Amino acid sequence: MAETEDVNITDRVGDWHKFLKKHYKKDLGNIAREYPHLRSLSIDYRQIEKWGRKGISLADELLKTPGKVIADVKDAIKDYNLIFTKDEEENVEHINIRFLHLPKKLPVRDIRANHINEFVSVDGIIRKTTEVRPRLTSAVFRCLQCGTLTPAYKQGYGKFQEPYRPCHQCEKQTKMELSPSQSTFIDVQKIRIQESPEGLRGGEQPQTLDIDVTDDLTGILAPGDRVIINGILRSIQRVSHGNKSSLFDIYIEANSIEIGEKEFEEVSIDENEEKEILKLSKDPDLYRKFTHSIAPSIYGNENVKEAISLILFGGIAKELPDGSRLRGDIHMLLVGDPGIAKSQILRYVIKLSPRGIYTSGKSTTSAGLTATAVKDEFGDGRWTLEAGALVLADMGIAAVDEMDKMAKDDRSALHEAMEQQTISVAKAGITATLRSRCSLLGAANPKQGRFDAFAPIAEQINMPPSLLSRFDLIFILEDKPNPVLDRAIGEHILKSHAVGELIQHNRINPIEGVDSEYIKKALAPITPDIDPVLFRKYIAYSKRNCFPILSEKAKEKLIGYYLGLRNLVDENKPVPVTARQLEALIRLAEASARIRLSDEIDETDAARVIEIVDACLRKVAYDAESGNFDIDKLVTGIPQQRKNLLRSIKEMINTSTDENGYVKIDLVIDELVKKGNSKEDIRKRIDELIRGGEYYEPRHGSLKRI
Ligand code: ADP
Ligand code: MG
């Protein structure tokens, strides 16, 4: 009696047979039919657990001893002939048994030695992927003397297993060569996964873990993908300078991959929270509350904060039937003097965004802002594709500080990333298109330290006008002394520091009368109206559920403003306002409607965003030199007046060139001064022409065309 029971308990193969026959007959049939095209059986963990008492113990066993369980399942298939293919025995060995939907996810940072050889499930973003390359799994060699083939040698990871000599047939100590056609290979790829940003507490560096994927799991992931990796945690001995070390590295031998797609699925909203969100959406003071809940410790900058609240909600991305895609994400740039809280604002925004990444233009990783392909030790000689900040921030916000200091490669890749929201990499063996569907919130310091209203913005922050025109909003923040404002900011800063001091002091040395009520009151000026946790959930809720439509009246208003902008221009001003500005208006208006969870974009939304855009354009496009409103300054980087002067100079040079091709500089200057230009301006422009390489100064005082 006891004996039979024992047999029952340990007959795992039989159990798996019953389980598979009950639930996976169809899948096994498909594999039999389509092998080797189809060669993986995916088993849902939840289904095993549901399969009664036996199921629970099978499931438990899978978590603890996955290697044995996979062998058991294969035995069940083999012993009970569950798959009928031509070369059964052989083929079953090559079928992958994959398990999906594990109950518990382990954070990358919590993985410890006791998890080694267990089945684990981790989630995160793909940071790097190598090329897919074949790995030798079993090698057959041919003796160069007699031509006999050796038996198959199993090949492990890393070191190549050489055949034994002499040859077992001719017994000569000869060379043996690998016979690839008799050997077996498997596709392998190495992947590095990084913790998702939303799981990190502010400022923490995300941790990474390497994953080995094989066979039909290779080549399906790209950097930036959000995934759940299920697999066996393996350890591998470190080797330093050729010596084995007692330290081990860990990696996951991937068993299955689940790709996440839904927007903000990681933000959970329960019924009560939904009620709270809906109530808040009816609040007449909603817009002010959101604005004031952004970086409350920073005084003023209301317009910037209002714009940020729009960015957080974002417009609507549209997929058109012809396959084109219109971006919904709003890009914004803060340009300004140092010390006016640009960096602080950026950091705060990341806290509010359900998916946000903060990075600096002079990024520390080699992938920089976009992506890069490198050949490094990670890939063991293979090319590796690594995601940068904008790829990792896919479906979120990338806050990029110090954009003026970004690398040249990034600057050119940003053009594509900002408009098409993809990043293409074509280098060596790697060609890939990564997605970067995120808002870019940038901050830049002017080169000279202070913003110069007389110089083009593009020049000052080291960004080409083509890139600038991709921002929906550009704010110029100047730090001009203003006694009233300075006092207000000063008092606000003092208040926040004072209450901070009070809290610290009170902790060690309680002060009489200072209780939590008192501190709450003192904190009031820097307490957000909407709690950051609720704020995040509200954004996620809105992005998931709210897709407003433009009303006729709003359309009229937006188009009216846009045409007005285009009309500001007289004939000799080329392309002043582009359709980009209209698209920006639409995106912003969509975001404005989303804030109150409205299904319709109405006039008030249009009016709100026109006000914001107008204030921005006035600042950005204001040409201090001429005192005019001039969008050329933004679009081409050269103010109209300066352009006119340049044109006059070139004309003058053409008309006064002598037969040898020389022009006297003084002559040009004199003529143009007569026409009312200042001598310094003319000289400056001429120097620019020389610097730009159009002309040179072969001898002092003379110009010649190149
Ligand atoms: P930036 O990145 O623009 O150079 P920072 O974000 O580093 O400036 O800000 C410098 C410091 O000045 C921060 O500690 C910030 O809190 C403070 N500060 C600047 N402007 C304000 C303001 N309007 N209200 C409160 N604090 C401010
Ligand atoms: Mg800064």
Side-chain angles (χ1 to χ4, degrees), residues 124-129 192-198 200 205-206 208 221-227 263-264 308 311-312 314-315 317 325-334 346-347 349-350 353-374 384-427 430 432-444 461-464 466-474 587:
I125 309 182
I126 305 292
R127 168 104 204 202
K128 288 183 177 190
T129 58
R192 181 165 285 172
I193 184 174
Q194 166 176 327
E195 292 173 284
S196 332
E198 56 271 6
L200 297 176
Q205 275 303 311
T208 60
L221 294 179
D225 285 349
R226 287 167 174 266
V227 293
E263 212 163 347
F264 305 126
I308 286 177
I311 288 186
L312 283 165
R325 185 175 178 277
L326 299 173
R327 83 170 144 99
D329 300 300
I330 301 165
H331 301 316
M332 169 171 154
L333 179 67
L334 302 175
L346 255 55
R347 283 183 187 281
V349 171
I350 291 313
S353 165
R355 276 181 189 171
I357 285 189
Y358 175 92
T359 179
S360 167
K362 43 174 190 206
S363 176
T364 43
T365 69
S366 57
L369 292 178
T370 52
T372 182
V374 286
T384 301
L385 185 58
E386 181 171 4
L390 262 66
V391 177
L392 295 174
D394 187 34
M395 311 264 249
I397 293 187
V400 183
D401 208 350
E402 321 260 337
M403 275 193 85
D404 46 310
K405 296 182 190 65
M406 70 187 162
K408 215 171 111 217
D409 287 350
D410 273 342
R411 207 178 305 142
S412 47
L414 263 187
H415 285 88
E416 184 197 347
M418 289 177 73
E419 205 58 76
Q420 277 70 47
Q421 302 205 290
T422 55
I423 291 166
S424 303
V425 181
K427 196 171 166 189
I430 286 194
T433 303
L434 307 178
R435 288 180 298 189
S436 63
R437 295 159 298 179
C438 64
S439 296
L440 174 62
L441 173 57
I461 57 172
N462 211 0
M463 245 190 255
S466 53
L467 200 53
L468 278 181
S469 74
R470 281 168 165 78
F471 283 100
D472 299 284
L473 289 170
I474 299 178
R587 277 191 283 271

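The model shown is predicted, which means the values in this text are computed figures rather than measured ones.
Looking at Ser353, its side chain never comes within 3.5 Å of a backbone N or O of Ile350 through a donor-acceptor pair. At least one donor-acceptor pair closer than 3.5 Å links the side chain of Arg327 to the backbone N or O of Asp329. Without hydrogens or angle criteria, Asp472 side chain to Met332 main chain gives no donor-acceptor distance under 3.5 Å. The main-chain N or O of Arg437 is found under 3.5 Å from a side-chain atom of Asp394 such that the two form a donor-acceptor pair.
Between Asp410 and Leu390, the closest side-chain pair of non-hydrogen atoms is not below 4.5 Å. Contact annotation: the side chain of Met395 never approaches that of Arg226 to less than 4.5 Å [non-hydrogen atoms, C-beta and beyond].
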Margin query: Between Lys128 and Thr208, does the side-chain contact (heavy atoms from CB on, under 4.5 Å) criterion hold? Intermediate values first, please.
Written below: CA-CA 10 Å; Lys128 288 183 177 190; Thr208 60; over 6 Å; no
Item checked: Derivation of the side-chain contact (heavy atoms from CB on, under 4.5 Å) call for Leu434 and Leu385 -> CA-CA 10 Å; Leu434 307 178; Leu385 185 58; 4.1 Å; yes
Next item on the list: Assess whether side-chain contact (heavy atoms from CB on, under 4.5 Å) is satisfied between Arg435 and Asp225, documenting all intermediate values.
Entry: CA-CA 9 Å; Arg435 288 180 298 189; Asp225 285 349; 3.9 Å; yes
Next item on the list: Starting from the C-alpha separation in whole Å, work towards a yes-or-no answer on side-chain contact (heavy atoms from CB on, under 4.5 Å) for Asp404 and Met463.
Entry: CA-CA 7 Å; Asp404 46 310; Met463 245 190 255; 5.9 Å; no
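Qualifying side-chain hydrogen bond (donor to acceptor under 3.5 Å, both in side chains) partners for Gln194, counting only residues two or more places apart in sequence or in other chains: Arg127. Thr422 pairs by the side-chain hydrogen bond (donor to acceptor under 3.5 Å, both in side chains) definition with Glu416, not counting sequence neighbours. For Arg411, there are no side-chain hydrogen bond (donor to acceptor under 3.5 Å, both in side chains) partners at least two apart in sequence or on another chain.
Atoms CE and OG1, on Met406 and Thr370 in that order, are 9.5 Å from each other to the nearest 0.5 Å. Rounded to the nearest 0.5 Å, atoms OG (Ser360) and CE (Met403) are 10.5 Å apart. Note that CG of Leu333 and CG of Leu468 are 6.5 Å apart. Values are rounded to the nearest 0.5 Å.
The two residues Ala393 and Cys438 have their closest heavy-atom pair at O-CB, 3.2 Å. Taking both residues in full, the closest heavy atoms of Ala417 and Ile423 are given as CB-CG1, 3.7 Å, listed atom of the first, atom of the second, then distance. For Ala387 against Gly224, the heavy-atom pair with the smallest separation is CB-N, 4.2 Å. When every heavy atom of Ile126 is checked against every heavy atom of Ala222, the shortest pair comes out as CB-O, 3.6 Å.
Among Ile330, Ile397, Val349, Leu346, the one residue that satisfies the side-chain contact (heavy atoms from CB on, under 4.5 Å) test with Ile308 is Val349. Among Leu440, Ile474, Leu414, the single residue meeting the side-chain contact (heavy atoms from CB on, under 4.5 Å) criterion with His331 is Leu440.
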